[in-house]
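Following: one structure in structure tokens, then a few remarks.
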Amino acid sequence: MPTAQHVALVAHDNMKVELLRWAGHNRGTLSAHHLYATGTTGTMLEFELGLPVHRFMSGPIGGDQQIGAKIAEGVIDLLVFFWDPLEAQPHDPDVRALLRLGVVWNVPMACNTASADLLISSPLFGGEYERHRPDYGQRSAP
Ligand SMILES: O=C(CO)COP(=O)(O)O
């Protein structure tokens, strides 16, 4: 039985249908995990999946930053972030900051359905895999 993971789900408006479809397909797997999302994405996911979702603020007013903070605290195990490659976002600095923190903390990230499919179906997801937390040495001194 895989250990329950903390999964953050985020999608820009033009990508929400794609995320909802993906999440619906993977509802059985997702139901075994703790779900987090930015405001609007989370509301739609709760409705679509009928599963509890810990909702943060809407992305443009701070939700991306709140998820980034959870990544920095070591809470998030997987980030599924369907960002919009065809439309600029008013909060682009926040989007970049979230993606950046995902890399900084070596969090598995999926930004499209193919990657999300592979990550969520991996036997390593919630299994024996011990995710390496980067040690930035002096650069990570508080
Ligand atoms: O803007 C977002 C991610 O950058 C998502 O925010 P919402 O889920 O509130 O639409």
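Whatever order the structure lists ligands and atoms in, that order sets their numbers, starting from 1.
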Using heavy atoms and a cut-off under 4.0 Å, could you grab the residues that are in contact with ligand 1, chain by chain, numbers ascending?
Val10, Ala11, His12, Asp13, Lys16, Thr38, Gly39, Thr40, Thr41, Ser58, Gly59, Pro60, Asp64, Phe81, His91, Val95

Side chain Gln5, main chain Thr3, donor-acceptor under 3.5 Å
yes

Looking at Gly39, is its backbone amide N or carbonyl O close enough to the side chain of Ser58 to form a donor-acceptor pair, meaning the two atoms are under 3.5 Å apart?
no

Under the ring-ring contact (aromatic ring centres under 6.0 Å, His included) test, residues paired with His25 that sit two or more places apart
none

Who are the salt bridge (Lys or Arg N to Asp or Glu O under 4.0 Å) partners of Glu73, not counting sequence neighbours?
Lys70

Contacts of Glu46 that satisfy salt bridge (Lys or Arg N to Asp or Glu O under 4.0 Å) - sequence neighbours left out:
Arg55

For the ring pair His54 and Phe56, is the centre-to-centre distance below 6.0 Å?
yes

